[in-house]
Amino acid sequence: MKILFIHADYIKIEVKKKAISDADEINAKNLEANECLVVWTTVEKDDEKNKDEILNKTIDNIKDVHSKVNAKSIVIYPYAHLSSDLASPKFAKTMLQAIYENLKEQNLDVIKAPFGYYKGFEIKCKGHPLSELSREIKVEEVGEKEKCVVDSVIKEGEKKITREGVIKEGEKKITREGVVKEIISEFFVLAPTGEEYEINMKNLKENLEKYEIFNKFPTLKKYMVAEELKNANASSVEPPSIKAMVHMELIDYEKASDSGNLRFYPKGNLIFDLLSDWAEEIALSRLGAMKIETPLIYDWSMPDIREQGQSFHERHYMVKIPDDENKEFVLRFAGDFGLFRIMKQVNMSYDQLPIRIYEFSKSFRYEKKGELSGLRRLRAFHMPDVHSFCRDIEQGWDEYENLYKNYADLANATGIEYAVVFRIVKEFYDKYKDRLINLLRYSDKPAFVEVLSSMKHYWAVKHEFQGIDSVDGNCQLSTVQLDVKDASLYGINFVSKDGKKKGCTICHSSVGSIERWMFEILENALKKEKPMLPLWLSPTQIRIVPVSKEFLNFSSEIAGEIEKSNIRADIDDRNETLSAKIRKAEREWVPYIVVIGERERESRKFSVRRREDNKNLNMEISELTEEIKSKTDNMPFRKSNLSKQLSKRPIFVGYT
């Protein structure tokens, strides 16, 4: 792409006649603009190989020059005379229209001279030092990766910084990789009591056992081995939850879909919904967030979408549309795409902050096939995201603490084993270390802490809850990130007390994908001698087993009584022996099995087998329901989505 910029007092354009058959449709033959930046644009053949990169950088450069010369409007002028290596007319037409639409989308005053016509024009150039500029935009090979660069004269001291930290200054290109190399990391274990233990990562593998702190906190040690030391054994062993999720009739692979896209059977769907309800309860009831919904699919040619998507570029699902082979859309990998576009247009005042936004984001990442693993790593998943838009760092920290505590409550309610990991810039660690210690006291856990000498991302501090599975592998669950950069980059501002616009401090957070929570819950269940889901998540909480058909009516009466307490109960009314019915309930990890015969009907005292401690008890139904209610208090409840009678349930997979 070659561009000639002219900052003009005015330009007058007269459309003469068609030069090609596939020319733009026109509504007027005369166009005029005043106080404008005229962008003479030649689309080249090589641009067709790298449309998105070229388009993105072209728009960036137009906006850059437009802001420097402070023009009131932009005129896109198709001009085939800056190069002899022209793109096809069809591609050039599409590219010029995309440039025009992107600039319009960003609320810039822009017009486009029609493509494919002979035209006359009259222009008056302003004649100041920046009124005439030329730029060539191309893709060059750098190692194995292609990078888009701009060949132009940039004055000393000018620079551009993107979300990923790419800077161009003078003739020198500074890449994010170069910036990261300059950053020094220190590593510590921070105990909830406040003690700090320095960790030497260079020889950690050889000296791990010498660190008493890891022996004191074995869960953190498991994380260090799995993630920081990259334990190949943990990553190569198939997690047992993969088989369990199928034979328990929860979740299965769908061969007719892409890999990493799963199907959920009724019981799996119930667990999914309960976890989703819990995430939403945290967001809406506890935090008071406002719920939104945004599209799954976005125009990849738009600069803000490209900017957000660059870090996952190789892992995108790209979508072509039938009527324009040059148009590409991307399936979102997080909810930020639509959220940031909403927040950019929101008018908000300092006294309204913090503003919290919640979205249950169906998301897509094209993970490599060898990385896919059951529920742990997928290509399609659901992320409950909460973003808090704050006045300043202090309010941002308050939000950060609130989010941390709520997500810790969720993790503890699932009973999983997890470690806490912080990444934080040194300036923030020195200033806010006491706040970190208070959070660790809340969760009663130590944290592995990486302290960075300076920022290399948009966040100044973030943490992750790292779940530990049954083979001592790890996977990230909840995360909170205190973002001090994105608001200014994407124009998310509020009106401060003095009436001026200021960029927000943003707390990005996610409970973690529902699928990963299901993975860790299954994996942690499988660590036990008798696997068991958390009681509030068990699809069947009480299984009623009549010893014969004679007691079916009484069993139905008891089930109805139990259900009044919002407890899921079903009846094994199949024509099977008592022992076969009990074995089936055991295979399904049913927490409570109630056997009903003549003695129980007469005494209304019931023989109850409790899976948690493998005890056989005699209880009245009121005692049983009170015990379950006390163990599931304040947790979400849904009715069963299966027939109450087992004889009426179809067999999806697994055991009969």
Side-chain angles (χ1 to χ4, degrees), residues 52 55-56 59-60 63 67 101-108 160-166 283 287 289-313 315-317 328-350 352-365 382-393 395-396 399-400 403 455 457-460 462 479-495 501-511:
D52 293 334
L55 177 62
N56 190 37
I59 292 163
D60 284 350
K63 287 170 60 182
S67 64
E101 288 175 357
N102 272 270
L103 294 170
K104 287 286 284 185
E105 183 75 23
Q106 296 178 62
N107 297 318
L108 294 171
K160 179 181 177 183
I161 305 176
T162 72
R163 188 184 198 209
E164 290 303 314
V166 178
L287 299 173
M290 295 176 281
K291 188 175 182 180
I292 64 169
E293 185 168 342
T294 57
L296 298 178
I297 187 169
Y298 291 87
D299 186 345
W300 187 236
S301 67
M302 289 191 173
D304 58 328
I305 302 301
R306 290 290 299 274
E307 183 64 47
Q308 286 172 271
Q310 286 299 334
S311 60
F312 281 91
H313 185 38
R315 295 175 183 258
H316 289 157
Y317 270 101
E328 276 190 314
F329 287 84
V330 61
L331 293 180
R332 69 179 181 191
F333 61 78
D336 292 15
F337 286 129
L339 170 67
F340 278 20
R341 293 180 71 79
I342 287 176
M343 297 308 296
K344 185 177 179 179
Q345 70 185 33
V346 169
N347 294 314
M348 44 188 173
S349 170
Y350 71 96
Q352 296 172 318
L353 303 180
I355 287 175
R356 306 176 184 99
I357 305 293
Y358 170 72
E359 183 172 13
F360 190 72
S361 307
K362 178 70 179 285
S363 302
F364 303 86
R365 294 180 190 172
H382 299 77
M383 296 281 281
D385 293 336
V386 177
H387 287 76
S388 302
F389 298 86
C390 307
R391 286 192 300 269
D392 49 33
I393 295 293
Q395 190 178 65
E399 282 296 292
Y400 193 104
L403 290 161
M455 285 182 63
H457 296 287
Y458 54 90
W459 47 262
K462 75 166 185 174
T479 184
V480 184
Q481 303 167 357
L482 189 62
D483 175 358
V484 295
K485 184 176 175 183
D486 273 356
S488 57
L489 187 63
Y490 294 107
I492 301 173
N493 302 309
F494 69 96
V495 178
K501 281 190 175 183
K502 291 185 178 178
C504 298
T505 296
I506 306 173
C507 257
H508 302 254
S509 78
S510 177
V511 171

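A donor-acceptor pair under 3.5 Å is absent between the side-chain atoms of S301 and the main chain of D299, judged by distance alone. Between the side chain of S509 and the main chain of T479, no donor-acceptor pair closer than 3.5 Å is present. In terms of modelled atom types and a separation under 3.5 Å, the side chain of E399 and the main chain of C390 share no donor-acceptor contact.
Between Q106 and K63 there is a side-chain heavy-atom pair separated by less than 4.5 Å. Two residues are said to be in side-chain contact when any heavy atoms from C-beta on lie closer than 4.5 Å; Q345 and N107 fail this criterion. Using a 4.5 Å cut-off on side-chain heavy atoms (C-beta onward), V484 and M455 make contact. Looking at heavy atoms from C-beta onward, F494 lies out of side-chain contact with Q352 at the 4.5 angstrom threshold.
Here I305 contributes atom CD1 and F340 contributes atom CZ; the two are 10.5 Å apart, rounded to the nearest 0.5 Å. Taken from CD in Q481 to OH in Y400, the straight-line distance is 8.0 Å, to the nearest 0.5 Å. The distance from atom CG of D52 to atom CE of M302, rounded to the nearest 0.5 Å, is 12.5 Å. Atoms CD1 and CD, on I292 and E359 in that order, are 4.5 Å from each other to the nearest 0.5 Å. Here the SG atom belonging to C504 is positioned 3.5 Å from the CE atom belonging to M348, to the nearest 0.5 angstrom. Within the model, atoms CZ of F337 and OG of S361 stand 11.0 Å from one another, a figure rounded to the nearest 0.5 Å.
Of all non-hydrogen atoms in L287 and A283, the two that sit nearest each other are CB-O, 3.3 Å. Here the closest heavy-atom approach between residue I492 and residue K344 is recorded as CG1-N, 4.2 Å. Considering every non-hydrogen atom in both F389 and L339, the closest pair reads CZ-CD2, 4.1 Å. Residue Y350 comes nearest to R391 through the heavy atom pair O-NH1, 3.2 Å, listed as atom of the first residue, atom of the second, then distance. Scanning both residues, R332 and K362, for their nearest heavy atoms gives NE-O, 2.8 Å. Across A487 and N493, no two heavy atoms sit closer than the pair O-OD1, 4.4 Å.
For T505 and D392, the side-chain atoms include no donor-acceptor pair closer than 3.5 Å. Side-chain polar atoms of T294 and R341 form no donor-acceptor pair below 3.5 angstrom.
Within a 6.0 Å radius of CD in E293, no more than 12 heavy atoms belonging to other residues, nucleotides or ligands are found.
A ring-centre distance under 6.0 Å is found for H316 and W300.
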Set out, in order, the CA-CA distance, both residues' side-chain angles and the distance that settles side-chain contact (heavy atoms from CB on, under 4.5 Å) for D336 and H508, then state yes or no. CA-CA 9 Å; D336 292 15; H508 302 254; 3.7 Å; yes
